[in-house]
Student: 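After the structure tokens below, expect a handful of questions from me.
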There are 2 protein chains.
Amino acid sequence: MRALAEQLRLAGLRPTRQRVAIAALLLDGRHRHVTADSLTEEIATLGLQVSCGTVYNTLNQFTDAGLLRRVTVHNNYSLFDTNTEYHHHFYDEKTNELVDIPNNDVILKKLPNPPDGHEIKAVDVVIHIQRK
Amino acid sequence: MRALAEQLRLAGLRPTRQRVAIAALLLDGRHRHVTADSLTEEIATLGLQVSCGTVYNTLNQFTDAGLLRRVTVHNNYSLFDTNTEYHHHFYDEKTNELVDIPNNDVILKKLPNPPDGHEIKAVDVVIHIQRK
DNA sequence: AGGCTCTTTAGAATGATTTTAAACTAGTAA
DNA sequence: TTACTAGTTTAAAATCATTCTAAAGAGCCT
Ligand SMILES: [Mn+2]
Ligand SMILES: [Mn+2]
Ligand SMILES: [Zn+2]
Ligand SMILES: [Zn+2]
């Protein structure tokens, strides 16, 4: 728990009870995808108390701090990825199933030159899948 | 205008005044990206009258019919692409600039095997860019 | 023209997310 | 310990894109 607080401080975030609780759930090394809603449920299940607004704030702050990554596969609600390393996703829009693609499984042969005056910041590949 | 009506009928859509007006704007061969909001403004500028609900319905119906393509680069609002051919996008999240990447400019060297029981339906590449 | 079905419409409803302003707390200094 | 202050949390209201409603209107076929 002390390590988590330190990690938050390093990220420029004061280690409040709420942030430490969420960090304990999301920054444990497991790779998974959560929504504000799924995280809120998980918190409730554990008997913890964090307000809805704080869940949203924390997810956004963790993302800005690079502790989480936002995944964009649809525009119904936000998805957050505990795996912040470079990787891509399979997404089944029928079931909302979102699965990491191992880092070296998709390879881009070449990248196009960005528009004048711009540089490439990130590359997101989403492979839409469906049940056969 | 007759050709548009025919195109809509072929897509299984009754060519109403509203749908034909929107088709005239979006299905003229130009490649561009619109939102429900930008399209509504454009319609208003032309002195036409189409309700907000119909703009949304029509964009969704055109997309389902394959006349438009939905582009997912963020989750604030929906973007529709008049270019339905296979291609990818540059996206600058600071300016909301969205630019097509020519079809043969991004090449995937190899695709990963989809999860068991699934097949690949589409591949979306979004290259996030920022001003240098 | 008559009739049936599909569409459009204005307005209400929805739902994820953000904003508010007041109550609270971590961190620090006395 | 005891303040003090800036940052944080909270419940509730607000926002905003989008969808829903159910009533009026418009294609289309006979
Ligand atoms: Mn599936
Ligand atoms: Mn730009
Ligand atoms: Zn992931
Ligand atoms: Zn495009």
Side-chain angles (χ1 to χ4, degrees), chain A residues 1-2 4-25 33-44 48-65 67-68 70-80 93 96 98, chain B residues 1-2 4-25 33-44 48-65 67-68 70-80 93 96 98:
Chain A
M1 286 299 168
R2 219 90 303 268
L4 280 180
E6 200 45 45
Q7 187 178 5
L8 291 176
R9 270 197 206 87
L10 281 173
L13 297 168
R14 191 182 283 186
T16 63
R17 196 202 83 224
Q18 294 84 342
R19 283 178 184 153
V20 172
I22 292 176
L25 290 173
H33 306 110
V34 300
T35 65
D37 200 53
S38 76
L39 180 56
T40 300
E41 269 186 39
E42 194 171 339
I43 288 169
L48 304 173
Q49 165 58 26
V50 180
S51 76
C52 166
T54 295
V55 169
Y56 279 101
N57 284 339
T58 304
L59 287 171
N60 289 331
Q61 292 155 353
F62 281 20
T63 302
D64 291 344
L67 303 174
L68 293 177
R70 193 182 290 270
V71 185
T72 304
V73 290
H74 61 212
N75 48 22
N76 305 323
Y77 48 81
S78 293
L79 281 166
F80 298 88
E93 58 192 33
N96 276 321
L98 181 66
Chain B
M1 289 298 165
R2 219 92 302 270
L4 281 180
E6 199 45 45
Q7 188 177 4
L8 291 176
R9 270 197 207 87
L10 281 173
L13 297 168
R14 191 181 282 186
T16 64
R17 195 202 84 225
Q18 293 85 341
R19 283 176 183 154
V20 171
I22 291 176
L25 290 173
H33 307 112
V34 300
T35 64
D37 199 53
S38 76
L39 180 55
T40 301
E41 270 187 39
E42 195 172 338
I43 288 168
L48 304 173
Q49 166 59 23
V50 180
S51 76
C52 166
T54 295
V55 169
Y56 278 101
N57 284 338
T58 304
L59 286 171
N60 288 331
Q61 291 154 353
F62 281 18
T63 301
D64 291 344
L67 302 174
L68 293 176
R70 194 180 289 269
V71 185
T72 303
V73 289
H74 61 213
N75 46 23
N76 305 323
Y77 47 82
S78 293
L79 281 165
F80 297 89
E93 58 193 34
N96 275 322
L98 181 67

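We use all heavy atoms of the structure for the numbers below, so side chains are in, but hydrogens, waters and symmetry mates are not. A, B, ... follow the sequence lines: proteins, then strands. Residue 1 opens every chain.
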Student: Do B:Phe62 and B:Ile22 come close enough that some side-chain heavy atom pair is under 4.5 Å?
Tutor: yes
Student: Select base, sugar-phosphate, or nothing to describe what B:Gln49 touches, counting heavy atoms under 4.0 Å on all strands.
Tutor: sugar-phosphate
Student: Among the nucleotides C:dT7, C:dT9, D:dC28, which one has an atom lying closest to any side-chain atom of B:Pro15?
Tutor: D:dC28
Student: Kindly point out which of D:dT18, D:dT10, C:dT8 is positioned nearest to the side chain of B:Ala36?
Tutor: D:dT18
Student: What pairs with A:Tyr56 under side chain to side chain contact (heavy atoms under 4.5 Å, CB included), at least two apart in sequence or on another chain?
Tutor: A:Ala36, A:Cys52
Student: Give the nucleotide from the list C:dG27, D:dT10, D:dT18 with an atom nearest to the side chain of B:Tyr56.
Tutor: D:dT18
Student: Side chain of B:Tyr77 only, heavy atoms from C-beta on: which candidate in D:dT10, C:dG27, D:dA17 is closest?
Tutor: D:dA17
Student: To the nearest Å, give me how far apart CD1 (B:Ile22) and P (C:dT7) are.
Tutor: 13 Å
Student: Tell me: CG of B:Asp37 to P of D:dT18, nearest whole Å?
Tutor: 9 Å
Student: Let me know the distance between CG of A:Asn75 and C1' of D:dT19, rounded to the nearest Å.
Tutor: 13 Å
Student: Write down the distance between NE2 (B:His74) and P (C:dT17), rounded to a whole number of angstrom.
Tutor: 13 Å
Student: Both B:Asn60 and A:Ser51 contact DNA chain D. Which one's nearest nucleotide lies toward the 5' end?
Tutor: A:Ser51
Student: Within this structure, what is the CG-CZ distance for the pair B:Leu68 and B:Phe80, rounded to the nearest 0.5 Å?
Tutor: 7.5 Å
Student: Going by the side-chain hydrogen bond (donor to acceptor under 3.5 Å, both in side chains) test, name the single residue among A:Asp64, A:Thr63, A:Asn60 that passes it with A:Arg70.
Tutor: A:Asn60
Student: To the nearest Å, how far apart are B:Arg17 CZ and D:dC28 P?
Tutor: 15 Å
Student: Kindly point out which of C:dG27, D:dT10, C:dT9 is positioned nearest to the side chain of A:Arg9?
Tutor: C:dG27
Student: NA contact type, B:Ser78, heavy-atom cut-off 4.0 Å: base, sugar-phosphate, or nothing?
Tutor: sugar-phosphate
Student: When you match A:Cys52 and A:Leu13 each to their closest nucleotide on DNA chain D, which lands nearer the 5' end?
Tutor: A:Leu13
Student: Using whole Å, report how far CD of A:Gln18 lies from P of C:dA23.
Tutor: 18 Å
Student: If you assign each of B:Val55 and A:Thr16 to its closest nucleotide in DNA chain C, which residue comes earlier from the 5' end?
Tutor: B:Val55
Student: Using the side chain to side chain contact (heavy atoms under 4.5 Å, CB included) definition, which of the options B:Val34, B:Val20, B:Ile43 pairs with B:Leu25?
Tutor: B:Ile43
Student: Where the side chain of B:Arg14 is defined as all heavy atoms beyond and including C-beta, which of C:dA26, C:dC6, C:dT9 is the nearest nucleotide?
Tutor: C:dC6
Student: Counting side-chain heavy atoms from C-beta on, which of D:dA11, C:dT17, C:dT7 comes nearest to B:Arg19?
Tutor: C:dT7
Student: Roughly how many Å is it from CG in B:Asn76 to P in D:dT18, rounded to a whole number?
Tutor: 10 Å
Student: Expressed as a whole number of angstroms, how long is the span from A:Leu79:CG to C:dT17:C1'?
Tutor: 14 Å
